[in-house]
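Numbering starts at 1 and runs along the sequence shown. These values consider heavy atoms only, across backbone and side chains, with no hydrogens, waters or symmetry-generated copies.
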Amino acid sequence: MRYDLVIFDNDGVLVDSEPISNRLLAGYLTELGHPTSYEESLRDYMGAAMHRVHDLVEERTGQRLPDDFDDVFHARVFAAFERELKPVAGAVDVLERLVADGVPYCVASSGSHARIRTGHRATGLDEWFEEEWVFSSEDVGRGKPAPDLFLHAAERMGVVPEKCVVVEDSPLGVRAAVAAGMDVYGFTAMTPAERLVGATQLFADMRELPDLLV
């Protein structure tokens, strides 16, 4: 493969969590008096760190979300993950191929370390990721679309940005990868292709990815 490191987003790329988390986020915001549809949650928050939810609600309404918003939301999400979460179809096939080809990989997610690990345990993906291969927006000052998280992951993995490729399914993630000076492959299983502007290449089936990276 022509890259020395593959950096995966997590939600929607490795674990099929976006439908679950955005359904719950829309419901919780609506419950708190901020009517939000599932489609609006995907549009505004998919791929974002939690601070974006707080920032957008305050910007739009002048009201702050409750202090325990993150804790309550994550408790609901984690419980749903245990019941419903599955790996993205083809994700394990990709990881098997990377291991067979000796290509290093890691995950760099807007989600917390607890969210990443809960999802990986629920889907069996935890056996594919050493602790030091897992990076969260918690590790840096700014989440996506800032490039900080991807640059941090590359530095910790010992690979220069131009030899990294990012696999993303959100507009914010694509923007972050481009800003980091990395190629980015946009996964369109849930996101319309026209929203992933700037992606190096687009693909709809995770099983296609290994051959695209050669």
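Within the model, atoms CG of Leu213 and CD of Gln201 stand 8.5 Å from one another, a figure rounded to the nearest 0.5 Å. Going from atom NE2 of His74 over to atom CG of Asp68 covers 12.5 Å, rounded to the nearest 0.5 Å. The CZ atom of Phe187 lies 9.0 Å from the CG atom of Leu209; values are rounded to the nearest 0.5 Å. For the atom pair Asp16 CG and Ser21 OG, the distance stands at 9.5 Å (nearest 0.5 Å). Interatomic distance, OG1 of Thr188 versus CD of Glu194, reported as 10.0 Å (0.5 Å rounding). Taking CD1 from Ile116 and CG from Asp126, the interatomic distance works out to 13.0 Å, rounded to the nearest 0.5 Å.
Considering only heavy atoms from C-beta on, Glu168 stays 4.5 Å or farther from Ile7 through its side chain. The closest side-chain heavy-atom distance from Leu14 to Leu125 is below 4.5 Å. The shortest distance between side-chain heavy atoms of Val178 and Thr200 does not fall below 4.5 Å. Residues Val88 and Val13 have side chains not in contact (no heavy-atom distance under 4.5 Å, counting atoms from C-beta outward). Within the 4.5 Å cutoff, no side-chain heavy atoms of Thr191 are placed close to those of Ser170. No side-chain heavy atom of Arg207 sits under 4.5 Å from any side-chain heavy atom of Val94. Proximity of Asp139 to Arg156: side-chain heavy atoms (C-beta onward) are nowhere separated by under 4.5 Å.
Distance alone, capped at 3.5 Å, places no donor-acceptor pair between the Ser41 side chain and the Ser37 backbone. A donor-acceptor pair is defined here as one N or O able to donate and one able to accept, closer than 3.5 Å; no such pair exists between the side chain of Ser137 and the backbone of Ala49. Of the possible donor and acceptor atoms, one in the side chain of Arg195 sits under 3.5 Å from a partner among the backbone N and O of Arg43. Using modelled atom types, no side-chain atom of Thr123 and backbone atom of Lys86 make a donor-acceptor pair closer than 3.5 Å.
Follow the hydrophobic side-chain contacts under 4.5 Å out from Leu42 and you never reach Leu202; the two are in separate clusters. Transitive grouping of hydrophobic side chains (ILVMFWY, heavy atoms separated by less than 4.5 Å) keeps Val167 and Val197 in distinct clusters. Criterion: ILVMFWY side-chain heavy atoms under 4.5 Å apart, direct or through other members. Under it, Trp133 and Val166 are part of a common hydrophobic cluster. If you chain together hydrophobic residues whose side chains sit under 4.5 Å apart, Val6 and Leu196 fall into the same group.
Closest approach of Asn10 to His120, counting heavy atoms only: OD1-NE2, 2.7 Å.
Checked by atom type, the side-chain pair Tyr3/Asp183 shows a donor-acceptor distance below 3.5 Å. With no hydrogens or angles considered, a side-chain donor-acceptor pair links Ser17 and Asp11 at under 3.5 Å.
With respect to Arg52 and Glu58, no salt bridge is recorded, no charged nitrogen being found less than 4.0 Å from a carboxylate O. Classification of Arg117 and Glu131 as a salt-bridged pair holds, one side-chain N sitting under 4.0 Å from a carboxylate O. Ionic pairing of Asp148 and Arg142 is present here: one or more N-O contacts between side-chain nitrogen and carboxylate oxygen are shorter than 4.0 angstrom. Looking at Lys144 and Asp9, a side-chain N of the basic residue comes within less than 4.0 Å of a carboxylate O on the acidic one, giving a salt bridge. Look at Arg115 and Asp70 and you find no salt bridge, because none of the NZ, NE, NH1 or NH2 atoms lies under 4.0 Å from a carboxylate O. A salt bridge links Arg23 with Glu84: at least one charged nitrogen is closer than 4.0 Å to a carboxylate oxygen.
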I would like to know whether Leu29 and Val57 meet side-chain contact (heavy atoms from CB on, under 4.5 Å); could you show each step before the answer? CA-CA 9 Å; Leu29 288 172; Val57 169; 4.1 Å; yes
Assess the residue pair Leu56 and Tyr45 against the criterion (side-chain contact (heavy atoms from CB on, under 4.5 Å)); give the C-alpha distance rounded to whole Å, side-chain angles, the decisive distance to 0.1 Å, and a yes or no. CA-CA 9 Å; Leu56 277 185; Tyr45 305 121; 3.5 Å; yes
One pair to check against side-chain contact (heavy atoms from CB on, under 4.5 Å): Glu59 and Asp55. What are the steps and the verdict? CA-CA 6 Å; Glu59 177 184 312; Asp55 292 346; 5.7 Å; no
One pair to check against ring pair (Phe, Tyr, Trp, His ring centres under 6.0 Å): Phe135 and Phe150. What are the steps and the verdict? CA-CA 9 Å; Phe135 305 99; Phe150 291 140; over 10 Å; no
Could you go through Gln63 and Leu32, starting from their C-alpha distance and side-chain angles, then the distance that decides it, and tell me whether this counts as side-chain contact (heavy atoms from CB on, under 4.5 Å)? CA-CA 11 Å; Gln63 301 175 27; Leu32 293 173; over 6 Å; no
Dump the intermediate steps for salt bridge (charged side-chain N to carboxylate O under 4.0 Å, His left out) on Arg60 and Asp44, then the final yes or no. CA-CA 12 Å; Arg60 291 169 173 173; Asp44 293 340; 3.0 Å; yes
Identify each donor-acceptor pair in which a side-chain atom of residues 95-109 lies under 3.5 Å from a protein atom, sequence neighbours left out, and give them as a table.
unit_1, atom_1, unit_2, atom_2, d
Arg97, NE, Asp101, OD2, 3.0
Arg97, NH1, Asp211, OD1, 3.3
Arg97, NH2, Asp211, OD1, 3.4
Tyr105, OH, Trp128, O, 2.6
Ser109, OG, Gly111, N, 2.9

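Taking a 6.0 Å sphere around CZ of Arg2, one finds it holds more than 12 heavy atoms contributed by other residues, nucleotides or ligands.
Between Phe129 and Phe8, the ring planes are perpendicular. Angles over 60° get that label, and only those under 30° would be called parallel. Under the 30°/60° scheme for interplanar angles, the aromatic rings of Phe81 and Phe78 are found to be tilted.
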